[in-house]
Asks: 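Mind looking over this structure? Questions follow.
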Amino acid sequence: MKLVRRRFETPVGPMMALASEQALCALEFWKPGRMSRLDARLRRWFSPVEIEDGTNGVIAQTGEWLEGYFSGAAPEDPRLDMRGAPFELRVWAALRQIPSGRTVSYGEIARQIGEPAASRAVGMANGANPIAIIVPCHRVIGSNGTLTGYGGGLERKKWLLDHERGQLALTEFAPAI
């Protein structure tokens with residue numbers, strides 16, 4: 001499979017997108033440790049894979065999505081090609097149902113997918129999410145309400161949640177004109 005790779009600068013640091021002509025396959029915070037994890041994931045789920053730097057329609061749409069998200073718009077998600085184990089796919093589908101600016105616990109996700117005792121497995125699937133922000137794993141928190149593990153780092157997680165809550169406050173409490 002041929003994938004195109006492009007790096008984007010964002011308010012929370014550089015991100016790397018990988019896409020086929022049809023769909024976005026990965027959107028990661030760029031840092032060396034995360035890239036080896038992504039490489040292993042690509043070998044497992046997209047093999048054989050050929051990657052070249054550049055752009056295509058999906059990469060362009062991803063850039064527009066990032067620009068819209070960080071400017072406070074509600075952009076339309078690019079088409080996604082998420083490959084993983086069946087359990088991971090169920091968790092990632094549940095993550096996509098969490099509204100912007102809201103949070104849920106790992107246990108809540110486990111109950112939502114019909115696996116109430118699987119909160120730790122949900123945490124593992126959450127950490128394996130290959131499409132940051134668009135598949136909002138940053139919206140999952142500990143059962144006691146604390147921010148817990150995030151591949152991009154807890155400072156980014158907090159920033160993303162604060163950004164979304166600020167935008168939510170603007171839309172929920174904006175006076176009618």
Side-chain angles (χ1 to χ4, degrees), residues 1-70 75-98 104 106 109-110 112-115 117-141 147-157 159-160:
M1 170 176 264
K2 181 179 171 185
L3 299 179
V4 175
R5 173 178 54 206
R6 179 166 173 214
R7 189 169 151 170
F8 292 96
E9 295 302 323
T10 75
V12 290
M15 297 189 79
M16 185 181 63
L18 288 161
S20 67
E21 289 293 330
Q22 293 78 36
L24 181 66
C25 303
L27 181 64
E28 286 276 1
F29 293 105
W30 190 90
K31 66 181 191 182
R34 298 287 293 175
M35 297 305 102
S36 61
R37 184 188 76 88
L38 177 60
D39 289 343
R41 188 164 217 30
L42 291 171
R43 281 191 306 276
R44 179 171 183 192
W45 298 106
F46 292 89
S47 189
V49 65
E50 176 186 333
I51 299 173
E52 68 179 43
D53 291 324
T55 193
N56 63 22
V58 176
I59 292 286
Q61 185 184 16
T62 301
E64 291 168 9
W65 189 94
L66 287 166
E67 186 176 312
Y69 174 84
F70 286 112
E76 181 179 335
D77 291 352
R79 184 164 179 230
L80 306 179
D81 183 357
M82 299 192 70
R83 298 183 190 187
F87 183 84
E88 290 174 328
L89 296 173
R90 289 174 39 217
V91 169
W92 299 338
L95 296 177
R96 296 196 67 202
Q97 302 306 309
I98 306 168
V104 298
Y106 297 97
I109 295 289
Q112 181 181 341
I113 65 169
E115 303 280 349
S119 59
R120 286 186 185 195
V122 166
M124 295 296 290
N126 204 47
N129 170 24
I131 302 182
I133 306 175
I134 296 172
V135 178
C137 55
H138 62 279
R139 296 179 189 154
V140 183
I141 60 173
L147 298 186
T148 59
Y150 185 60
L154 290 180
E155 288 180 14
R156 278 192 181 117
K157 184 172 187 165
W159 191 98
L160 292 167

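Count residues from 1 along the sequence.
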Asks: Look at the side chain of Trp92 and the backbone N and O of Ala125, then say whether any donor-acceptor pair between them is shorter than 3.5 Å.
Replies: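 Yes, the answer is positive, given that a donor and an acceptor are paired below the 3.5 Å cut-off.
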Asks: Can you see whether Thr148 engages Tyr106 through a side-chain donor-acceptor pair at a distance of less than 3.5 angstrom?
Replies: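 There is such a pair between these side chains.
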Asks: Could you check whether Arg83 pairs with Asp81 (Lys NZ or Arg NE/NH1/NH2 to Asp/Glu carboxylate O, under 4.0 Å)?
Replies: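 Here Arg83 pairs with Asp81 in a salt bridge, since their nearest N and O are under 4.0 Å apart.
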Asks: Looking at Met124, I want to see if its CE is surrounded by more than 12 non-hydrogen atoms of other residues, nucleotides or ligands under 6.0 Å.
Replies: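 Counting other residues, nucleotides and ligands, CE of Met124 stays at 12 neighbours or fewer.
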Asks: For Phe8, what residues pass the ring pair (Phe, Tyr, Trp, His ring centres under 6.0 Å) criterion, not counting sequence neighbours?
Replies: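 With sequence neighbours excluded, Phe8 shows a ring pair (Phe, Tyr, Trp, His ring centres under 6.0 Å) to no residue whatsoever.
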Asks: So do Leu42 and Ile51 actually touch side chain to side chain, heavy atoms under 4.5 Å?
Replies: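 Ile51 vs Leu42: side chains touch.
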Asks: Just to verify, what does Arg44 make a salt bridge (Lys or Arg N to Asp or Glu O under 4.0 Å) with, not counting sequence neighbours?
Replies: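 Salt bridge (Lys or Arg N to Asp or Glu O under 4.0 Å) list for Arg44, sorted by chain: empty.
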Asks: Less than 4.5 Å apart, any side-chain heavy atom of Val4 and any of Val58?
Replies: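 The answer is no, as the side chains (C-beta and beyond) never meet within the 4.5 Å cut-off.
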Asks: Can a donor-acceptor pair be found, under 3.5 Å and without considering hydrogens, that links the side chain of Lys2 to the backbone of Glu21?
Replies: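 Not confirmed, Lys2 side chain does not pair with Glu21 backbone.
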Asks: Taking side chain as C-beta onward, heavy atoms only, is Phe87 less than 4.5 Å from Ile113?
Replies: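 Yes - at least one pair of side-chain heavy atoms lies under 4.5 Å apart.
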Asks: Is there side-chain contact between Leu66 and Leu27, with heavy atoms separated by less than 4.5 Å?
Replies: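 They are in contact (side-chain heavy atoms under 4.5 Å apart), so the answer is yes.
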Asks: I'd like to check the salt bridge (Lys or Arg N to Asp or Glu O under 4.0 Å) partners of Arg6; sequence neighbours left out, ordered by chain and number.
Replies: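 Checked Arg6 against salt bridge (Lys or Arg N to Asp or Glu O under 4.0 Å); zero matches.
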Asks: Does the side chain of Leu160 reach to within under 4.5 Å of the side chain of Tyr150, using non-hydrogen atoms?
Replies: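 In contact.
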Asks: Taking only Lys NZ, Arg NE, NH1 and NH2, and the carboxylate oxygens of Asp or Glu, determine whether Glu88 and Arg41 approach each other closer than 4.0 Å.
Replies: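 A salt bridge links Glu88 with Arg41.
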Asks: Is any side-chain heavy atom of Arg5 closer than 4.5 Å to a side-chain heavy atom of Arg7?
Replies: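 They are not in side-chain contact.
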Asks: Parallel, tilted or perpendicular for Trp159 and Phe70, by the 30°/60° rule?
Replies: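 Ring orientation, 0 to 90° scale: tilted.
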Asks: Hey, is the main chain of Val135 close enough, under 3.5 Å, to the side chain of Asn129 for a donor-acceptor pair?
Replies: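 Yes, the answer is positive, given that a donor and an acceptor are paired below the 3.5 Å cut-off.
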Asks: Could you check whether atom CD of Glu76 has more than 12 heavy atoms from other residues, nucleotides or ligands sitting under 6.0 Å from it?
Replies: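 No, not enclosed.
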